[in-house]
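For reference, the structure I am asking about is given below.
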Protein chains: 2
Amino acid sequence: MPDQQGNPLDDDLRLAILRLSRRMRLQRSDADVTDSQLSVLFVLLKEGPQTLGSLSEHERVTPPSMNRTVNCLVDAGFVTRSSSPDDGRKVQIDATLAGLDVARETKRRRQAWFARQLEQLDATERATLDAAAPILRRLADS
Amino acid sequence: MPDQQGNPLDDDLRLAILRLSRRMRLQRSDADVTDSQLSVLFVLLKEGPQTLGSLSEHERVTPPSMNRTVNCLVDAGFVTRSSSPDDGRKVQIDATLAGLDVARETKRRRQAWFARQLEQLDATERATLDAAAPILRRLADS
DNA sequence: TATTGTTATACTCTATAACTATA
DNA sequence: TATAGTTATAGAGTATAACAATA
């Protein structure tokens, strides 16, 4: 019995997404930084300073987990931890310049890697992906 | 200075791939199994029995890392380890029926999740993604 | 009393270095 | 001697439970 059928193109698309993503995530700054740490740096780059709680919600991990990750980032000099002025229970996590650099350099490398992949395509194929991009983006955000 | 420009659709596509992949990987069997373990089970499902060395190369982790992951899978009853008949240094890792079930159930759930996502689209949008699928698949495999 | 964060503890994944067994 | 795998050890991410500090 075949595992499943449906539209075989769905499976091509699904597997392509998984594989491209896996390869893209290998592209990153030379700094000694893990996936979880990078993910936090991207949040700080995009959305500015965060509390520990907001980071743990954003990344969908428990507060103790995020606390550990933040500790590693502090030790590496990529973020600072300071107590919130308005609410003494909260802490504010800020990216340092070095931390922002790691995030930006990683973004740059991923963009460059993806651009090189796209260079394999002819104009028609590029046009097809240009048409697909907003649709996939909407699915990803929904 | 803007971070980068190039084709903004490239970035939409790139980010869509990262996000869709992240959400897809959350879909999995209810069995208590990690990402690394799942990845091994998928290799065994698709390509049959493997040695420890071939698994570690395939997943691009060191042999000691793979050894640990395999130990966990053995403890969970999802794979068996036996010595290779032709070369006493090698071990053969086979998926058990339970292990194959975990892989198949995970695949099923990911297909189902992705199919639900695609149901949001109209016929024209579906056609665009159908045209994009083989192109992305080729990029992923290149 | 409720909220925010931290500490204690435990398990998995990752690595490098050193070791065993077989070819 | 070279190869395949394992063990020892250590750092990082994940979790739950228990604790401290503040609102």
Side-chain angles (χ1 to χ4, degrees), chain A residues 22 25-26 28-44 49-94 99 102 106, chain B residues 22-23 25-44 49-94 99 102 106:
Chain A
R22 181 170 181 157
R25 276 182 283 116
L26 294 175
R28 56 171 65 178
S29 155
D30 290 330
D32 190 9
V33 71
T34 66
D35 257 344
S36 303
Q37 291 170 12
L38 262 178
S39 200
V40 168
L41 291 177
F42 277 123
V43 174
L44 297 176
Q50 302 285 322
T51 64
L52 193 120
S54 63
L55 284 176
S56 87
E57 280 178 26
H58 195 286
E59 298 300 304
R60 303 195 191 200
V61 298
T62 60
S65 278
M66 184 50 69
N67 192 50
R68 259 190 120 127
T69 298
V70 166
N71 285 341
C72 289
L73 284 166
V74 169
D75 291 346
F78 295 145
V79 306
T80 59
R81 192 202 303 258
S82 52
S83 58
S84 181
D86 51 300
D87 185 337
R89 296 170 301 179
K90 297 186 178 175
V91 297
Q92 179 172 308
I93 321 284
D94 293 80
V102 169
T106 298
Chain B
R22 181 170 182 158
R23 293 174 63 188
R25 276 182 282 117
L26 295 176
Q27 310 295 319
R28 57 172 65 178
S29 154
D30 290 329
D32 190 9
V33 71
T34 67
D35 256 345
S36 304
Q37 291 169 11
L38 261 177
S39 200
V40 169
L41 291 177
F42 277 122
V43 174
L44 297 175
Q50 302 286 322
T51 64
L52 193 120
S54 63
L55 284 177
S56 88
E57 279 179 28
H58 195 285
E59 298 300 304
R60 303 193 191 201
V61 298
T62 59
S65 277
M66 184 50 69
N67 192 50
R68 255 193 126 128
T69 298
V70 166
N71 285 341
C72 289
L73 283 167
V74 169
D75 291 346
F78 295 146
V79 307
T80 59
R81 191 202 303 258
S82 52
S83 59
S84 180
D86 50 301
D87 184 338
R89 297 170 301 179
K90 296 186 180 176
V91 296
Q92 180 170 308
I93 321 283
D94 293 79
V102 168
T106 298

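Lettering follows sequence order; numbering is per chain, from 1.
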For atom CG of L41(A) and atom C1' of dG13(D), their distance in whole Å: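 Spelled out: CG on L41(A) to C1' on dG13(D) is 15 Å.
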Rounded distance in Å - CG (D32(A)) to C1' (dA15(C)):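 So the CG-C1' distance, D32(A) to dA15(C), works out to 11 Å.
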D35(A) CG - dC13(C) C1' separation (whole Å): 12 Å
Phosphate OP1/OP2 of dT14(C) contacted by T34(A) side-chain N/O (<4.0 Å):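 T34(A) to dT14(C) OP1/OP2: no side-chain N or O under 4.0 Å.
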Below 4.0 Å: OP1/OP2 of dT14(C) and any side-chain N or O of T62(B):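 For T62(B), the contact criterion (side-chain N or O under 4.0 Å from OP1 or OP2 of dT14(C)) is not met.
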From dT14(D), dA15(C), dA12(D), nucleotide with atom closest to V61(B) side chain: dA15(C)
D75(B), CG atom: more than 12 neighbouring heavy atoms under 6.0 Å: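 Correct, the count exceeds 12.
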D32(B) atom CG, over 12 foreign heavy atoms within 6.0 Å: no
dT14(C) phosphate, OP1 or OP2, under 4.0 Å from S36(B) side-chain N/O: yes
No-hydrogen, no-angle side-chain donor-acceptor test under 3.5 Å, Q37(B) and T69(B): no
Ionic contact status for R81(B) with D94(B), cut-off 4.0 Å: no
Atom pair distance, as rounded to whole Å: CG in D86(B) and C1' in dA21(C):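 So the CG-C1' distance, D86(B) to dA21(C), works out to 16 Å.
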Which nucleotide in dT14(D), dA23(D), dC13(C) has an atom nearest any side-chain atom of D87(A):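 Side chain of D87(A) sits closest to dA23(D).
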Sugar-phosphate only, base, or nothing, as touched by T51(B) at under 4.0 Å among non-hydrogen atoms: sugar-phosphate
Any S65(B) side-chain nitrogen or oxygen under 4.0 Å from OP1 or OP2 of dC13(C): no
Side-chain N,O (R60(A)) to OP1/OP2 (dT14(D)) below 4.0 Å: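 Result: no.
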Selected nucleotide, minimal atom distance to K90(B) side chain, candidates dA23(C), dA4(D), dG5(C):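 Output: dA4(D).
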Atom pair distance, as rounded to whole Å: CD in E59(B) and P in dA15(C):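 Going from E59(B) (CD) to dA15(C) (P), I get 11 Å.
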Option passing side-chain contact (heavy atoms from CB on, under 4.5 Å) with M66(A) (candidates N71(A), I93(A), L52(A)):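 Testing each of N71(A), I93(A), L52(A) against M66(A), the sole residue satisfying side-chain contact (heavy atoms from CB on, under 4.5 Å) is L52(A).
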Protein-nucleotide distance (L55(B), atom CG; dT6(D), atom C1'), rounded to Å: 15 Å
Residue whose closest nucleotide on DNA chain D lies nearer the 5' end, R68(B) versus P64(B): P64(B)
Q92(A) CD to dG5(C) P, straight-line distance once rounded to whole Å: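 Distance, rounded to whole Å: 11 Å.
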Phosphate contact (dG5(C) OP1 or OP2) by N67(A) side-chain N/O below 4.0 Å: no
Any S83(B) side-chain N or O less than 4.0 Å from OP1/OP2 of dA4(D):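 Checking S83(B) against dA4(D): no side-chain N or O falls below 4.0 Å of OP1 or OP2.
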Separation of atom CG in D75(B) from atom C1' in dC13(C), rounded to whole Å: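 For the pair D75(B) CG and dC13(C) C1', the rounded distance is 15 Å.
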